[in-house]
Every structure is written in structure tokens, then in C-alpha cells.
> 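Can you keep this structure in mind? I'll have questions shortly.
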Amino acid sequence: MTKIVSYINDFAISDSTSPIEYKRAGYHQRYLTINGEEIANTGIDCETCLFYVEVSGAEWKNPRGISANLNNGLTELNHDFVSELSCIVPNGQYVVALFKAYPRLKRQADGSEYYQIGSRRVGSGKKIEEYIVPIQPSGSLDQSVTEKYMKTGKGNVNPTALCVSFLDTKFPLNDIHFDELWLHTHYLLDGHHKMFAAAHAKMPVSMLSFLSIDESFASRAQIDKLIQALR
């Protein structure tokens, strides 16, 4: 199960030059795109933070230092660091949170992958389910990099992955399924090796996640309740 270590409420991004955008299509359908193309169909390698900065034309004061901070693992958030990262996240209103999670890799029949990170009740008939969706399949990852992060994790350092996330509420479809599902889904932008290493070694990983208030299919009150439940 995830646990929030630190968070910043109502973090606004208004001048981002990120190539990443949100695209809605149909009822409760939403995609991440990069330069107009669905991000899942784009070959993006880790360390992807530096890739996004290059594509966006943004200028970081110390991009290698920021990447190093993520690799070494964050233990708390500060506004300056989050502001520096915000150039690669689409404009909008966010809750920015640092999570600790124990990911479990799952593969579906069609070969697609996701990480399960837990579930919990948030009241009568309401349940939170949390997932991480990677952009890259685990088979494309560099094994030597994965092994490096496994060794790092054994030294009690939890490297930090970067995500954007959404809370989507789904109501019961019939009289048999009574639970109102709150799906808290993190889309992994950077840190695929870190996540796979943590799942393979059954170790914790930290995640810096920008939870979109504007794009979530949930009310602000539900988002606030989610944050309280995960603290």
C-alpha cells in the first residue's frame, strides 16, 4: 500500500513548455500525449526527465542535479524543487505528493503490464485501488541499470520515480457489485528501471506524483479525502 511522505496542496502550473498534454476522447476517456502522439506509442528511454526538458525547450538551472536527486531518492518535498520539475508537466492545478510504495508487477493476457500498489476502504461501499502504468515494457529495459537500482535499494536508499496521476471514481454497474471504486492511477514518466527493480526485489520505491485536479474524474472533496486516506 502507498503512503504519502510529503505533499503540496493546490500547486498551480501556468507556464509549462512540456511536450506532454492531456487528451480526452469519449466518455471518461483520457490519454497522455507527447507532441500530439499518444505517449504509449512513443519510444522514450529513461532517464526521460532529461528527454522531456530537451524536447520542451525548457532551461533547467541544474538538470543533472535534479536527475541525481531523483536517483538518490527524495525524503521530503520543497516548493523550489517541485517548481523546477513543473516545466515537464502540463499546465493545470495539482496536488503534488511524495509516496512510498511496494509495487507488484502484473502482466495481462495481451502482454501489457502494470504495477499494483494496493487497495483500502474509504468508507462504507467505497474502495481505493492504486496502480502504476508504465510507458515502457519491462523487456525493453537495460538489465544492468535495473541491477544498479536493486543494489541501491538494498542500501536503504529508495530512488524516486516521476509520475502524473488521476483519481477516477466509478460507480457500481449492477446490483451485485456494490463498491464505488476510486481508481488512483499513476502514469510513469520517469523511473521505469527503478520501478521494475523495486518490484523484482520486493523493495519499496518512492514516487513524486503530480495528481491532476482538473483532469481527474472526481470531485475536489473526493481528492481531499484520498489525500487524507493515504497519509
Side-chain angles (χ1 to χ4, degrees), residues 4 6-26 28-74 76-99 132-136 140-141 145 159-168 184-195 205-218 220 223 227:
I4 291 179
S6 177
Y7 76 102
I8 300 173
N9 216 349
D10 290 315
F11 185 87
I13 302 175
S14 58
D15 55 357
S16 174
T17 55
S18 175
I20 304 170
E21 294 181 333
Y22 305 123
K23 182 179 75 173
R24 295 195 181 189
H28 279 205
Q29 295 289 320
R30 175 190 53 230
Y31 298 95
L32 290 177
T33 66
I34 181 167
N35 291 332
E37 295 186 35
E38 291 184 15
I39 204 169
N41 297 328
T42 304
I44 301 173
D45 297 325
C46 294
E47 300 281 336
T48 41
C49 273
L50 300 183
F51 171 84
Y52 293 133
V53 172
E54 181 180 349
V55 172
S56 69
E59 293 186 2
W60 276 354
K61 296 177 182 178
N62 185 15
R64 298 288 172 184
I66 287 180
S67 184
N69 284 336
L70 293 174
N71 291 343
N72 293 332
L74 302 176
E76 62 180 359
L77 294 183
N78 67 71
H79 199 279
D80 289 342
F81 184 82
V82 173
S83 295
E84 189 81 2
L85 274 175
S86 66
C87 70
I88 63 173
V89 178
N91 289 330
Q93 200 80 9
Y94 296 87
V95 176
V96 185
L98 181 64
F99 293 89
I132 301 167
V133 179
I135 295 168
Q136 291 179 265
S140 70
L141 302 179
V145 178
T160 303
L162 179 64
C163 309
V164 293
S165 66
F166 309 95
L167 175 63
D168 300 326
H184 186 209
T185 309
H186 306 265
Y187 289 83
L188 191 58
L189 300 182
D190 178 78
H192 290 77
H193 291 91
K194 302 167 188 175
M195 196 64 61
V205 66
S206 65
M207 299 186 303
L208 174 55
S209 195
F210 287 75
L211 171 58
S212 175
I213 297 171
D214 306 320
E215 296 295 329
S216 290
F217 296 119
R220 183 55 201 267
I223 290 173
I227 297 301

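The first residue of the sequence shown is numbered 1, and numbering continues consecutively from there. Only a predicted model underlies this, so the values are computations on that prediction, with no experimental measurement involved.
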> Where do Ile88 and Leu189 land on the side-chain contact (heavy atoms from CB on, under 4.5 Å) test, with the steps shown first?
CA-CA 10 Å; Ile88 63 173; Leu189 300 182; 5.6 Å; no
> Can you confirm whether Leu188 sits close enough to Ile135 that some side-chain heavy atom of one is under 4.5 Å from a side-chain heavy atom of the other?
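Result no, sub-4.5 Å side-chain heavy-atom pair not found.
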> If we only count heavy atoms from C-beta on, is the Asn69 to Thr160 side-chain gap below 4.5 Å?
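Sidechains of Thr160 and Asn69: no contact.
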> Over all heavy atoms of both residues, which pair between Pro159 and Val205 is shortest? Give the atoms and the distance, please.
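What the structure gives for the nearest pair is O-CG2, 3.3 Å.
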> Decide yes or no for Leu162 and Lys194: does some side-chain heavy atom of the first lie under 4.5 Å from some side-chain heavy atom of the second?
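No; the side chains remain at least 4.5 Å from each other.
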> Between Ser16 (side chain) and Val89 (backbone), is there a donor-acceptor pair under 3.5 Å?
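It does hold such a pair.
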> Heavy atoms, side chains only, cut-off 4.5 Å: are Phe166 and Thr185 in contact?
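No, too far: nothing below the 4.5 Å cut-off.
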> When rounded to the nearest 0.5 angstrom, what is the spacing between CG in Leu77 and NE2 in His79?
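Here the rounded value is 10.5 Å.
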> Quick one, His192 with Val145, criterion side-chain contact (heavy atoms from CB on, under 4.5 Å). Give me CA distance, side-chain angles, the key distance, then yes/no.
CA-CA 10 Å; His192 290 77; Val145 178; over 6 Å; no
> Measure the spacing between OH of Tyr187 and CD1 of Ile20 and express it to the nearest 0.5 Å.
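Between Tyr187 OH and Ile20 CD1, I get 13.5 Å after rounding to 0.5 Å.
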> Could you tell me if the side chain of Ile132 sits less than 4.5 Å from the side chain of Met207, heavy atoms only?
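They are in contact (side-chain heavy atoms under 4.5 Å apart), so the answer is yes.
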> Does any part of the side chain of Ile66, heavy atoms only, come nearer than 4.5 Å to the side chain of Phe81, both counted from C-beta?
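Heavy-atom side-chain distance check passes, below 4.5 Å.
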> Parallel under 30°, tilted from 30 to 60°, perpendicular over 60°: which one fits the rings of Tyr22 and Tyr94?
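Tyr22 vs Tyr94 ring planes: tilted.
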> Could you tell me the separation between the CZ atom of Phe99 and the SG atom of Cys163, rounded to the nearest 0.5 Å?
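Those atoms lie 9.0 Å apart.
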> Under the salt bridge (Lys or Arg N to Asp or Glu O under 4.0 Å) test, which residues partner Asp214, sequence neighbours left out?
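Salt bridge (Lys or Arg N to Asp or Glu O under 4.0 Å) list for Asp214, sorted by chain: empty.
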> Nearest 0.5 Å please: distance from the NE2 atom of His186 over to the CG atom of Leu208.
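One gets 11.0 Å once the value is rounded to the nearest 0.5 Å.
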> Rounded at 0.5 Å granularity, tell me how far CG in Asn9 sits from CD in Gln93.
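Between Asn9 CG and Gln93 CD, I get 9.0 Å after rounding to 0.5 Å.
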> With heavy-atom distances below 4.5 Å as the criterion, would you say the side chains of Ile13 and Pro90 are in contact?
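They are not in contact (no side-chain heavy atoms under 4.5 Å apart), so the answer is no.
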> Which pair of non-hydrogen atoms, one from Ser83 and one from Ser86, has the smallest distance, and what is that distance?
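Closest approach of Ser83 to Ser86, heavy atoms only: O-OG, 2.7 Å.
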> Working to the nearest 0.5 angstrom, can you tell me the gap between Leu211 CG and Ser165 OG?
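These two atoms lie 4.0 Å from each other.
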> Taking salt bridge (Lys or Arg N to Asp or Glu O under 4.0 Å) as the test, write out the residues that go with Asp80, two or more places apart.
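Asp80 satisfies salt bridge (Lys or Arg N to Asp or Glu O under 4.0 Å) with no other residue.
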> According to side-chain contact (heavy atoms from CB on, under 4.5 Å), who are the partners of Asn72, at least two apart in sequence or on a separate chain?
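With sequence neighbours excluded, Asn72 shows a side-chain contact (heavy atoms from CB on, under 4.5 Å) to Ala68, given in chain and number order.
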